[in-house]
Amino acid sequence: MNLRDKMQSELASKALLKQAANYGLDYAEHIQQRSVFPTRNAIVNLEEFVEELPATPGDAEQILRDLHNLGSPASVATTSGRYFGFVTGAALPVTLASKWLTDIWDQNSALFLMSPIAAKLEAVTEAWLRELFGLTDQVVASFLSGSSMAIFCGLAAARFRICKNQGWDFNQKGHNGAPEIRIVAGHSAHGSVIKAAALLGFGIDNIEWVDCDDQGRLIASNLPPLDHNTIVLVQAGHVSTGSFDPINEICDTANRAGSWVHIDGAFGLWAGAVNRLSHLTAGLEKAQSWSVDAHKTLNAPYDNGILLCSDREALVNALQISGSYVNFSEHRDGMLYTPEMSRRARITELWAALKYLGRQGIDELVFGLHQRAAQFAQELASADFKVLNEVVFNQVLVGFDWPDATTADFIDQLQKSGECWVGGTKWANKSVVRISVCSWATTAEDVSRSVAAFVDARERVTL
Ligand SMILES: *Cc1c(COP(=O)(O)O)cnc(C)c1O
């Protein structure tokens, strides 16, 4: 059989896709029982993937079997409800199912002409996001891989606008001789903000750093004098403490000076869509651009990030490419708003998440993460652990009186237990444990069970 016939029969028999679905269902069914992090054995078995590039076509069924038998156990159970590492979202069932279906569509969402369905869902979702965050009709959305890209695009738009206002077309003329742009950021800005500044050629050494308080919040009264050449980076949700910069105050100061404010709200911006938490993001509508992930707090599958920008002209000019074969339509053409041209239709998962949850569901989901983080902090404190931060959102920091080496041992014990997974970070020059409650699946029992694992690990460390 030639290769095309072979593939056509693989599709026609339906066996291959059913096999994948069965593996997926099997994985989901057993996620609660397995170790949160892969066992040592599962990782050792990955060596079986190391082989010569095949010379001839293989067996599709066998490929899937290998992927499931060797790959599934070596995945991290981030969807289990007891994964608290970094800031990692799980996936709402409806978003996974939507992803499965749209994977079969295999759309390219560059243009309306290439995928009317993706274009329509992008337009609908864009409007919903404006409404959720209380933004004006001027605001447009870019649907990207994550916040790193979203921040990059927001800063590219800011650069375009600042230069344009001074008669400098950045696309045509570039850096040499361009107006000098200042970047102002809090000391605890996320690494991806710094990366965006580097990638765009602003230079990390040129960032004007502003002191933060003991929760990592930028101190607004310490801002340097701002002007119309300045981009101010504000953080909504600090990766260690979950704290929020004083957005309202910073935006007022920046707007008076004609500066551009970008809010990095990768996981925290969703607080703005929740009545009981929106005090954390008060004034957010006064910024010029916002980045937020759907794959963290909202629990859409990876990868799913959003940039919102109030200056469509600047954004589109900063990112657009053109070619004679590009047919723009009166509909939404997604590639106008992204650096990529070809792009999978990740919008279906974000749309499905918002359509499924509605305002009430978003409220329940996001406030629920906060409630379980607060429970975590409370139960840890009752068990004589030291919680270092004000748990305003979903992040909990745990500190220790023992040396950093003991903390490393403690984290190792905890991770090896398989009961839950938390990571370490540095806070005030000490090693600490960082807990991020970011999964819809986490129950109150998951939290208590994880606290018990903390107690156990403490008993096992060598003091
Ligand atoms: C996760 C995160 C980022 C980076 O987002 P990606 O989606 O991983 O690219 C940026 N800023 C903050 C505050 C984050 O938590």
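In listed order, ligands and their atoms are each counted from 1.
A ring-centre distance under 6.0 Å is not found for Phe37 and Tyr83. Between His238 and Trp427, the ring center distance clears the sub-6.0 Å criterion.
The 4.0 Å heavy-atom shell around ligand 1 contains residues Gly146, Ser147, Ser148, His190, Ser192, Gly237, Val239, Asp264, Ala266, Phe267, Asp293, His295, Lys296, ordered by chain and number.
We find that Lys99 and Glu349 are not joined by a salt bridge, their nearest charged nitrogen and carboxylate oxygen being 4.0 Å or further apart.
Annotation: Tyr356, atom OH; neighbour count of heavy atoms from other residues, nucleotides and ligands within 6.0 Å does not exceed 12.
Side-chain contact annotation: Ser75 with Arg34, donor-acceptor N/O pair under 3.5 Å present.
Pairs passing the salt bridge (Lys or Arg N to Asp or Glu O under 4.0 Å) check and including a residue from residues 184-201, sequence neighbours excluded, do not occur.
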